[in-house]
Enquirer: 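My questions all concern the structure below.
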Amino acid sequence: MKETEQDPSYLCFEITESISIHQIESVLTVLHNFKEIGVELAIDDFGKGHSALSYLKKYPIDILKIDKCFVQGIEMDRGNASIAKAVIDMAHGLGLRVIAEGVETEDQLAFLKDLHCDSIQGYWLSRPLPPEGIEVFFCDELIFG
């Protein structure tokens, strides 16, 4: 951050549940150090591993990312829909933002909007792009989107 002189608030570190659960004290120290300089923190693939809800209160995180296995078929699968709704409601109750991973269809997007999901990731937005394609993607989105 010192070298690039960029605002740390533009950076978000993602940790997986399994990493965060195993080395609790050292992970907490590192996460608090990142928060002190203004870096955002996210728990990735939430619900896929060993979800320990007590850690959500302990860790200084900003974002909870719902694993794509709960997004697949969300508009038709009552189980996935119930889990996604519960995670979104719980995260919002804790003051966290929610990102749904693996969104591939407009129906999934609409369903997640109805659940008040904050953001999405997935092929519905774009397939992976090479570095030169990212600039074109954002320019097209800004001009036509």
Enquirer: What are the two closest non-hydrogen atoms of Phe34 and Phe13, and how far apart are they?
Expert: CE2-CE1, 3.0 Å

Enquirer: Please tell me if the side chains of Ile63 and Val98 come closer than 4.5 Å, counting only heavy atoms from C-beta onward.
Expert: no

Enquirer: Determine, for Glu104 against Arg127, whether the closest basic-nitrogen to carboxylate-oxygen distance falls under 4.0 angstrom.
Expert: no

Enquirer: Are side-chain heavy atoms of Glu75 and Glu106 found at a separation under 4.5 Å?
Expert: no

Enquirer: Please check: side-chain N/O of Asp77 versus main-chain N/O of Asn80, any donor-acceptor pairing under 3.5 Å?
Expert: yes

Enquirer: Could you walk me through whether Leu112 and Val71 pass side chain to side chain contact (heavy atoms under 4.5 Å, CB included), step by step?
Expert: CA-CA 9 Å; Leu112 289 160; Val71 173; 4.3 Å; yes

Enquirer: Give, for atom CG of Leu94 and atom OH of Tyr59, the distance between the pair rounded to the nearest 0.5 Å.
Expert: 15.0 Å

Enquirer: Do Leu11 and Gln6 come close enough that some side-chain heavy atom pair is under 4.5 Å?
Expert: no

Enquirer: Measure the shortest side-chain to side-chain distance between Val27 and Leu31 over non-hydrogen atoms and say whether it is less than 4.5 angstrom.
Expert: yes

Enquirer: Any side-chain heavy-atom pair from Leu56 and Ile61 closer than 4.5 angstrom?
Expert: yes

Enquirer: Does a donor on one side chain and an acceptor on the other come within less than 3.5 Å for Asp89 and His116?
Expert: no

Enquirer: For the residue pair Tyr123 and Pro128, establish whether any side-chain heavy-atom pair is separated by less than 4.5 Å.
Expert: yes

Enquirer: Nearest 0.5 Å please: distance from the CD1 atom of Ile99 over to the CG atom of Asp44.
Expert: 9.0 Å

Enquirer: Compare every heavy atom of Glu40 with every heavy atom of Asp62, then report the nearest pair and how far apart it is.
Expert: OD2-CA, 3.1 Å

Enquirer: Please round to the nearest 0.5 Å and tell me the distance separating atom CD1 of Ile88 and atom CG of Leu64.
Expert: 9.5 Å

Enquirer: Do Pro60 and Leu41 have side chains that approach each other closer than 4.5 Å (heavy atoms only, starting at C-beta)?
Expert: yes

Enquirer: Are Asp107 and Phe111 packed together at the side-chain level, in the sense that at least one heavy-atom pair is separated by less than 4.5 angstrom?
Expert: no

Enquirer: To the closest 0.5 Å, what do you measure between CD1 (Ile43) and CG (Leu96)?
Expert: 8.0 Å

Enquirer: Which distance, rounded to the nearest 0.5 Å, do you find between the NZ of Lys65 and the CD of Glu101?
Expert: 4.5 Å

Enquirer: Measuring from atom OG of Ser119 to atom CD1 of Ile66, what distance do you get when rounded to the nearest 0.5 angstrom?
Expert: 11.0 Å

Enquirer: So His92 and Asp118, side chain to side chain contact (heavy atoms under 4.5 Å, CB included) or not? Walk me through it.
Expert: CA-CA 9 Å; His92 287 165; Asp118 300 301; 2.8 Å; yes

Enquirer: Are any of the side-chain nitrogens in Asp45 or Lys68 under 4.0 Å away from the carboxylate oxygens of its partner?
Expert: no

